[in-house]
There are 2 protein chains.
Amino acid sequence: MTLEDQELKKAGLKVTLPRVKILQILENCSDRHMTAEDIYQALRDSDGDVGIATVYRVLTQFEAAGLVERHNFDNGPAIYEIDRGEHHDHMVCTETGKVIEFHDAEIENLQERIAAEKGYQLVGHSLVLYVKPNNA
Amino acid sequence: MTLEDQELKKAGLKVTLPRVKILQILENCSDRHMTAEDIYQALRDSDGDVGIATVYRVLTQFEAAGLVERHNFDNGPAIYEIDRGEHHDHMVCTETGKVIEFHDAEIENLQERIAAEKGYQLVGHSLVLYVKPNNA
DNA sequence: TAAGCAAATCAGAACTATTCGCATCTGTGG
DNA sequence: CCACAGATGCGAATAGTTCTGATTTGCTTA
């Protein structure tokens with residue numbers, strides 16, 4: 001019974017091979033930001049008998065269970081990352097495609113205030129900064 | 001020579017029927033936020049001989065010319081709105097789908113600062129607040 | 001530790017949003 | 001008013017994602 005197995009159990013999901021492998025891939029990937037296709041390729045490279053439909057289904061379940069977060073940058077494919085419970089937003093370099101995480105309490109507060117001013121409660125937000133290196 | 005015609009000319013685009021009609025629809029729509037499909041339906045309802053491919057092509061050209069802005073909320077279809085030159089972000093009500101515009105100079109400044117702190121220049125951003133009514 | 005059953009998976013089809021290719025048509029400058 | 005570049009319409013193509021239906025797998029209980 002590995003750590004991954006326990007996480008899955010806790011989330012009320014059956015411990016199956018595809019789910020364990022996908023969780024491991026997400027935990028071990030270097031930049032923490034992968035598309036469904038990236039994960040599918042990683043599976044294919046190692047063993048290779050998990051369908052792309054399963055990758056999507058599992059990711060959706062992981063998201064519902066709070067194990068991963070899904071983000072949509074601009075109009076490209078969605079990217080997934082392990083949810084460590086530390087909320088953050090993203091900065092994407094338009095030259096290199098590099099993704100940088102950041103957190104700013106002040107911005108978070110302002111968002112709450114803006115919603116409140118209009119008579120609403122904030123239930124979520126999506127903030128992506130598109131940036132380029134200083135010397136470009 | 002209508003106002004729409006002049007805008008098109010100024011943007012270096014031939015003044016064709018589809019372009020004029022699409023511009024009018026965008027200028028006259030009540031909530032200012034339409035999908036390509038919405039526009040296609042509006043055209044269909046009135047006259048009806050503009051293909052969906054043309055709608056997309058024209059919207060893309062309008063965007064390049066700075067006449068309209070395109071936004072992607074979550075994972076749904078893109079929405080388009082006339083660009084009045086007044087930058088703003090969006091708040092989307094998760095109950096009603098209503099789109100509210102807002103602008104906050106402080107948030108804009110913070111974004112610049114965050115990019116600078118990481119050694120980058122801000123070239124753009126996407127901020128969407130997902131909200132629900134206070135009484136829900 | 002095998003049987004049974006619900007849940008999960010696979011492959012491929014379907015779907016949504018968007019773009020492309022190409023034959024035809026239409027503004028615009030001369 | 002003519003010619004030709006540029007625009008359009010249609011249908012096919014694409015990318016990303018979800019659904020379907022038949023088969024398999026993992027938990028439960030005996």
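Just so we're on the same page: letters track the sequence lines, and every chain starts at 1.
- A/I22 CD1 to A/L67 CG: the interatomic distance, rounded to the nearest 0.5 Å, is 12.0 Å.
- Between A/E69 and A/H71, the side chains place a donor N or O and an acceptor N or O closer than 3.5 Å (distance only, hydrogens not considered).
- B/I39 places its CD1 atom 14 Å from the C1' atom of C/dA17, with the value rounded to the nearest Å.
- Remark: the B/R57 side chain and the D/dG9 base include a donor-acceptor N/O pair separated by less than 3.5 Å.
- Under the ring-ring contact (aromatic ring centres under 6.0 Å, His included) criterion, B/H87 pairs with B/H103, B/H125, sequence neighbours left out.
- Partners of A/F73 under the ring-ring contact (aromatic ring centres under 6.0 Å, His included) rule, at least two apart in sequence or in another chain, are A/H90.
- Along DNA chain D, the nucleotide closest to A/N72 and the one closest to B/A53 are compared, and the more 5′ of them pairs with B/A53.
- We find that CG of B/L8 is positioned 15 Å from C1' of D/dT8, with the value rounded to whole Å.
- Using a 4.0 Å heavy-atom distance criterion, B/N75 is classed as making no nucleic acid contact.
- In this structure, B/I22 places its CD1 atom 13 Å from P of D/dA7, rounding to the nearest Å.
- Annotation: side chain of A/E101 is not in contact with side chain of A/M91 (no heavy-atom distance under 4.5 Å).
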Set out, line by line, the N/O atom pairs under 3.5 Å between protein and nucleotides 26-29 of chain C.
unit_1 : atom_1 : unit_2 : atom_2 : d
C/dT28 : OP1    : B/V15  : N      : 3.2

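- Here C/dA17 presents its P atom at 14 Å from OH of B/Y40, a figure rounded to the nearest Å.
- Atom CD1 in A/I52 sits about 10 Å away from atom P in D/dG16, given to the nearest Å.
- Mapping B/A78 and A/G51 onto DNA chain C by nearest heavy atom places A/G51 at the nucleotide closer to the 5' end.
- With rounding to the nearest 0.5 Å, the separation of CG in B/L8 from CG in B/L13 is 6.0 Å.
- Proximity of B/R19 to the phosphate of D/dT8: a side-chain N or O atom is located under 4.0 Å from OP1 or OP2.
- For the pair A/Y56 OH and C/dA13 P, the computed distance is 18 Å after rounding to whole Å.
- Atom pair B/I79:CD1 and C/dT16:C1' shows a separation of 18 Å (rounding to whole Å applied).
- Salt bridge status for B/R32 with B/E81: present, with a side-chain N to carboxylate O gap under 4.0 Å.
- Rounding to whole angstrom units, CG of residue B/D49 and P of C/dC25 are separated by 13 Å.
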